[in-house]
Amino acid sequence: MSRLAAVVLSSGLALALLGAVVPAQADPAQADPMQAEPSTPATSEQSGATTTSAGDRRTTPPQLRRQGRWMVDPQGRVVIVHGLNLVYKHAPYVPPADDFGFGERDADWFREHGFNAARLGTLWTGLTPDAPGVVDPAYVARWQRIIDLLAEREIWMQFDFHQDMWHETYGGEGAPDWAMKRPLPFSLTPYLPVPFPMGYWTPEVSTVFDRFWAGKDGLLDGWVKAWEVAAREWRDQPYSMGYDLMNEPWAGLEWAECLLTGCPRTYTHELQPAFTKALKAIRRIDPSNLVWWEPQQFAGGQPLDTFFTAVPGEENLGFSWHSYCPDVFLESQGVPASNVENCWEFARGRQRHALEQGEEMQAATMMSEWGATDNIRAIEIDAAVADEHLMGWTHWAYKRWNDPTTADGNQGLFTDDADPTTVKQDKLRTLVRTYAQRTAGIPETMRFDTGNGDFEFVYRPDPSITAPTEIFVSPLHYPEGWEVTVDNGRVVGNGSRLVRVRADGTGPVSVRIARR
């Protein structure tokens, strides 16, 4: 995550620098006999698989695939994710098994609050720390503990080769020590640390990235080999939603051009060739899981085009994009011309562009980073605009974990990462939403009012899908329970925070949920 790099530089300042009403259970713990919540994926109608546990790889696991702009589950239902980032940027690059890190209590917290996805910082340096393509089994085991906890609770996971400013030498993280090769002439003198994110802009760090994209020093091949390792480890992982190849890739020495034009040649000559090489390597091992491409870093904080194109024959590509409104940071710094209300226009523009880029790429789309602030109005705007565009997301971040590469400390959902009672209540109430998690057809509109809990959802049913539409009901917005009204359909399960709906025909189904 790099709000400052992706946001401040997008401003003028940077350019100067460079039918039926059914009462619900009032008690969320009170089970409805119409809806038996599974304790494991083995018996779940949701899973669409015959796995006996999260770790049983002998049969087809539930995973997401692309269908048009959407992610779909094994039954063909459109899946919209509301999730959180889990990226631990300090050695050993995986959250510890304690209260500060991630354990069963955290996984239960995800499920209870309706977060059905996680973006996992499975770092290149952790996966192959000693040599290209040589896996560290201890690192895999540490992550597998968390992966199994999430899979047991049917939480979708994206595997993210997260990086910021390449390596600890430059104040960042991501690349292994064997991939830290200081280029000449810079290596002739000691590196003088430059704070994040300004280190990106230095000639040395930009040169490192240019050499990487060009395949120098075997680094690109080593990165591809690490993705081969990841594919072998997680190709059969239940509740996978695929591989995010690189977090916020840095363009290199042409970064100033990116601020002005979006740097189309960076895509055609660097990003797309490198990502295609990794994609093809993954496909030799894993033919089916989604592979996500991210645009150059500044694209998350300015209204610029991105320039990926489709890969012939590829059916499961994803566009993983970030959204950081410039006015949020500028207002926090007291810049007079800033106004967070401007983020409505910014967010809508980024959503539209993501859908257009996804169509050009023939890719599913997901907003894999946004937020990184305690500004409730800004979070409210981004979440509402995502609903308008039926966009899935993973918010930055679940816990701050002493993040060394961030513009501010206003991220994470807790003031003390080891103490869940310190949750930021207003922030949580804005992020925890009633929303359609799985739709037996095509979603058309979705709206949620965080003030009064009113929810409206319309979808066009697909008669070939036998599994029901599933809507998560927020535990924070209905103190006395809720009522469900359905037109052209009926409720077939209503309790324990999940409303299930079936269509009565082929006409659009309208679902409304309100407080009792």
Side-chain angles (χ1 to χ4, degrees), residues 1-11 13-18 87-93 121 123-126 129-130 161-220 222-223 246-260 263 266 270-271 296-302 322 324 326 329-330 332-333 335 372 400-411:
M1 189 284 300
S2 57
R3 167 180 291 282
L4 189 58
V7 173
V8 176
L9 286 182
S10 68
S11 68
L13 173 62
L15 294 177
L17 294 172
L18 114 260
V87 181
Y88 196 86
K89 298 181 181 180
H90 304 273
Y93 311 109
L123 274 61
W124 178 16
T125 183
D130 300 320
F161 267 22
H162 207 88
Q163 72 80 35
D164 296 292
M165 281 188 342
W166 189 256
H167 185 266
E168 282 83 351
T169 296
Y170 302 124
E173 83 290 321
D177 290 344
W178 57 260
M180 182 57 245
K181 300 178 184 295
R182 293 189 65 203
L184 289 169
F186 309 103
S187 59
L188 298 176
T189 58
Y191 178 76
L192 299 178
V194 179
F196 176 86
M198 283 75 79
Y200 268 124
W201 316 338
T202 63
E204 178 170 347
V205 174
S206 290
T207 298
V208 167
F209 274 89
D210 278 339
R211 292 181 63 82
F212 170 76
W213 299 124
K216 304 294 185 181
D217 303 319
L219 299 184
L220 183 62
W223 173 75
M246 180 179 288
N247 176 68
E248 297 183 352
W250 184 245
L253 289 169
E254 71 274 25
W255 64 265
E257 178 191 345
C258 298
L259 287 166
L260 298 171
C263 49
T266 296
E270 294 181 333
L271 300 188
Q296 61 88 13
Q297 188 193 86
F298 291 127
Q302 3 171 222
H322 301 173
Y324 288 111
F329 179 83
L330 296 176
S332 73
Q333 302 302 301
V335 176
R400 185 175 184 273
W401 282 327
N402 299 322
D403 190 334
T405 50
T406 186
D408 57 60
N410 293 328
Q411 55 179 284

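Side-chain atoms of Gln302 come within 3.5 Å of backbone N or O of Leu259 as a donor-acceptor pair. A donor-acceptor pair under 3.5 Å is formed between the side chain of Gln163 and the backbone N or O of Glu248. Side-chain atoms of Asp210 come within 3.5 Å of backbone atoms of Leu253 as a donor-acceptor pair (strictly under, hydrogens ignored). Remark: side-chain polar atoms of Thr207 are not paired, donor with acceptor, to backbone N or O of Gly252 under 3.5 angstrom.
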Steps toward side-chain hydrogen bond (donor to acceptor under 3.5 Å, both in side chains) verdict (Thr125, Glu173): CA-CA 8 Å; Thr125 183; Glu173 83 290 321; over 6 Å; no
Check the pair Asn410, Arg400 against side chain to side chain contact (heavy atoms under 4.5 Å, CB included), reporting the backbone distance first and the verdict last. CA-CA 8 Å; Asn410 293 328; Arg400 185 175 184 273; over 6 Å; no
Derivation of the ring pair (Phe, Tyr, Trp, His ring centres under 6.0 Å) call for Trp213 and Trp223: CA-CA 11 Å; Trp213 299 124; Trp223 173 75; 7.1 Å; no
Please evaluate residues His322 and Asn247 with respect to the criterion side chain to side chain contact (heavy atoms under 4.5 Å, CB included), reporting the C-alpha separation (whole Å), side-chain torsions for both, the decisive distance (0.1 Å), and the verdict. CA-CA 10 Å; His322 301 173; Asn247 176 68; 3.2 Å; yes
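Going from atom OG1 of Thr202 over to atom OH of Tyr170 covers 7.5 Å, rounded to the nearest 0.5 Å. For the atom pair CZ of Arg211 and CG of Leu220, the computed distance is 12.5 Å after rounding to the nearest 0.5 Å. Going from atom CG of Leu260 over to atom CZ of Phe298 covers 10.5 Å, rounded to the nearest 0.5 Å. Note that CH2 of Trp250 is 7.5 Å distant from OH of Tyr200, once rounded to the nearest 0.5 Å. In this structure, CG on Asp164 lies 4.0 Å from NZ on Lys89, to the nearest 0.5 angstrom. To the nearest 0.5 Å, atom CE of residue Met180 and atom OG1 of residue Thr169 are 4.5 Å apart.
Annotation for Ala372 and Tyr324: closest pair CB-CE2, 3.8 Å, computed over non-hydrogen atoms. Among all heavy-atom pairs drawn from Pro404 and His90, the shortest one is CD-NE2, 3.8 Å. Taking every heavy atom of both residues into account, Glu168 and Tyr93 meet most closely at OE2-OH, 2.5 Å. Scanning all heavy atoms of the two residues, the minimum distance from Leu271 to Pro249 falls at CD2-CB, 3.9 Å. Nearest heavy-atom pair, Ser206 versus Trp255, reported as atom, atom and distance to 0.1 Å: OG-CD1, 3.6 Å. Nearest heavy atoms, Pro326 versus Gly301: CG-O, 3.4 Å.
In this structure, Trp166 has its ring center closer than 6.0 angstrom to the ring center of Phe212.
Under the side-chain hydrogen bond (donor to acceptor under 3.5 Å, both in side chains) criterion, Tyr88 pairs with no residue at all, not counting sequence neighbours.
Here the side chains of Val208 and Phe186 are not in contact, with every heavy-atom distance at 4.5 Å or above. Inter-residue side-chain proximity for Glu254 and Gln296 is flagged as unmet; no heavy-atom pair is nearer than 4.5 Å.
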